[in-house]
Amino acid sequence: MSKNNFLQREFYDRPALTVARELLGKYLVRLEDGQRLAGIILETEAYCGEEDLGCHCRAGRTARTQVMYGPPGHAYVYFTYGIHWMLNFVVESEGNPAAILIRSIEPLQGMEVISARRGSQPMQKWTDGPAKICQALNIDNRFNGVDLCAEDGVLIVEDAEPVPESYVKTGPRVGLNSVPEPWKSVPWRFQISRIKH
DNA sequence: AGCACGATTAACT
DNA sequence: GTTAATCGTGCTC
């Protein structure tokens, strides 16, 4: 897990569903004041372009969505419900807006810091939701547009062994209550199930 | 300038 | 299962 095997721009410059699937099992790493906070990515969701009525890009290019129209391998961080931040990765080629929401990680490093921020909850619930990840890793609007592929980046994803297909579960994306079909139900959510087959 | 609502969470009953 | 918390964003007037 050294800094020379973190995912490069080519990884993100691919179809959103491919990237969402392959991000499973990789290490999300947040460098905060020289301290490493890291966890295994367990769950992702793909949001794919202006045609996807579940994606913020359905509104076209706006102040909020412009980072998704930029080059891949950057963070898209937005605010919702008046309280919560959400971490996404911009994917696909420039001008082709799409993003991957990071929904759940299993914390590995920086447990003291994460505990200080999430310790009021049982450990299992420290980073098992998109807003919880941002709370645990201290991610907010300052990270919108941050380059995930910079040499001295503060937010990177490190490579890891591919997760076998039999460990991966797919399903509809969460929370799209007023989104019309088929977008509401397309199986663009990916997660590592802990059950072997 | 005003308004309705959301890619959620935690604390309720 | 239900609901309050809380404000940026995009849309309408």
Side-chain angles (χ1 to χ4, degrees), chain A residues 12 15-24 26 28 30 39 41-70 72-92 96-107 113-146 148 155 157 168-192:
Chain A
Y12 302 98
L17 295 179
T18 304
V19 181
R21 160 67 179 85
E22 291 192 17
L23 275 171
L24 296 178
K26 310 297 190 204
L28 175 65
R30 158 87 161 100
I41 297 175
L42 296 180
E43 186 179 350
T44 62
E45 281 177 2
Y47 290 85
C48 312
E50 296 177 350
E51 303 76 24
D52 174 6
L53 297 183
C55 181
H56 290 160
C57 289
R58 66 183 179 274
R61 196 187 282 256
T62 67
R64 177 168 67 160
T65 63
Q66 70 167 5
V67 63
M68 276 195 275
Y69 287 80
H74 291 253
Y76 166 46
V77 179
Y78 70 89
F79 186 66
T80 192
Y81 291 105
I83 18 187
H84 298 307
W85 296 99
M86 305 277 155
L87 172 64
N88 299 250
F89 299 154
V90 175
V91 298
E92 302 198 4
N96 197 359
I100 310 302
L101 172 68
I102 309 303
R103 283 197 64 87
S104 179
I105 67 173
E106 178 181 322
V113 175
I114 293 172
S115 171
R117 293 175 178 147
R118 299 284 313 144
S120 60
Q121 297 284 120
M123 204 189 305
Q124 249 96 331
K125 296 190 170 183
W126 279 359
T127 53
D128 65 339
K132 299 181 190 181
I133 294 172
C134 290
Q135 196 181 321
L137 304 187
N138 190 20
I139 289 169
D140 57 22
N141 60 331
R142 294 168 301 159
F143 285 77
N144 192 39
V146 156
L148 304 170
L155 190 64
V157 181
V168 177
K169 188 178 146 191
T170 62
R173 294 172 295 181
V174 176
L176 306 190
N177 300 309
S178 58
V179 171
E181 300 289 0
W183 311 112
K184 184 175 178 174
S185 301
V186 287
W188 291 353
R189 177 191 192 198
F190 299 84
Q191 59 188 132
I192 298 181

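Since the structure is predicted, the reported quantities are computational estimates derived from the model, not experimental observations. Throughout, protein chains are lettered first and strands after them, A, B, ... in sequence-line order, and every chain is numbered starting at 1. All heavy atoms count here, side chains included; hydrogens, waters and symmetry mates do not.
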N/O donor-acceptor pair under 3.5 Å between His84(A) side chain and Ala131(A) backbone: no

Residues within residues 175-190 of chain A bordering DNA chain B, heavy-atom distance below 4.0 Å: Gly175(A), Leu176(A), Ser178(A)

Side chain Lys169(A), main chain Ile192(A), donor-acceptor under 3.5 Å: no

All pairs passing side chain to side chain donor-acceptor pair (under 3.5 Å) where residues 47-57 of chain A contributes a residue, at least two apart: Glu45(A)-Tyr47(A), Glu50(A)-Tyr69(A), Asp52(A)-Arg173(A), His56(A)-Tyr76(A)

Side-chain donor or acceptor of Ser104(A) paired with backbone N/O of Gly129(A) under 3.5 Å: no

Expected output: side-chain Arg189(A) to main-chain Thr44(A) donor-acceptor under 3.5 Å: no

Heavy-atom pair with the smallest gap, counting every atom of Leu176(A) and Gly54(A): CD1-CA, 4.2 Å

Flag side-chain contact, heavy atom, 4.5 Å: Val113(A) against Leu137(A): no

First and last nucleotide of DNA chain C, 5' to 3', lying under 4.0 Å from heavy atoms of chain A: dA5(C) to dC11(C)

Along DNA chain B, first and last positions that approach a heavy atom of chain A under 4.0 Å: dG6(B) to dA11(B)

Sugar-phosphate only, base, or nothing, as touched by Thr80(A) at under 4.0 Å among non-hydrogen atoms: base

Strand-adjacent residues in residues 127-144 of chain A, judged by heavy atoms under 4.0 Å from DNA chain B: Gly129(A), Pro130(A), Ala131(A), Lys132(A)

Sugar-phosphate only, base, or nothing, as touched by Arg173(A) at under 4.0 Å among non-hydrogen atoms: nothing

Those residues that, when tested against Thr65(A), pass side chain to side chain donor-acceptor pair (under 3.5 Å) (two or more places apart): Thr62(A)

Partners meeting side chain to side chain donor-acceptor pair (under 3.5 Å) with Arg103(A) (sequence neighbours left out): Glu43(A)

Pairs where residues 135-146 of chain A contributes a residue and the test salt bridge (Lys or Arg N to Asp or Glu O under 4.0 Å) is met, not counting sequence neighbours: Asp140(A)-Arg142(A)

Bracket string, DNA chain B, 5' to 3' - pairs by Watson-Crick or G-U geometry under 3.5 Å, | interstrand: ||||||.|||||.

Ala99(A) backbone acceptor or donor facing Asn88(A) side chain under 3.5 Å: no

Minimum side-chain heavy-atom gap Met86(A)-Thr80(A) below 4.5 Å: yes

ring-ring contact (aromatic ring centres under 6.0 Å, His included) involving Trp126(A) - partner list, sequence neighbours excluded: none

Residue list, side chain to side chain donor-acceptor pair (under 3.5 Å) with Ser115(A), at least two apart or on another chain: none

Residue pairs involving residues 55-70 of chain A (criterion salt bridge (Lys or Arg N to Asp or Glu O under 4.0 Å); sequence neighbours excluded): none

Sugar-phosphate, base or nothing in reach of Arg118(A), heavy atoms under 4.0 Å: sugar-phosphate

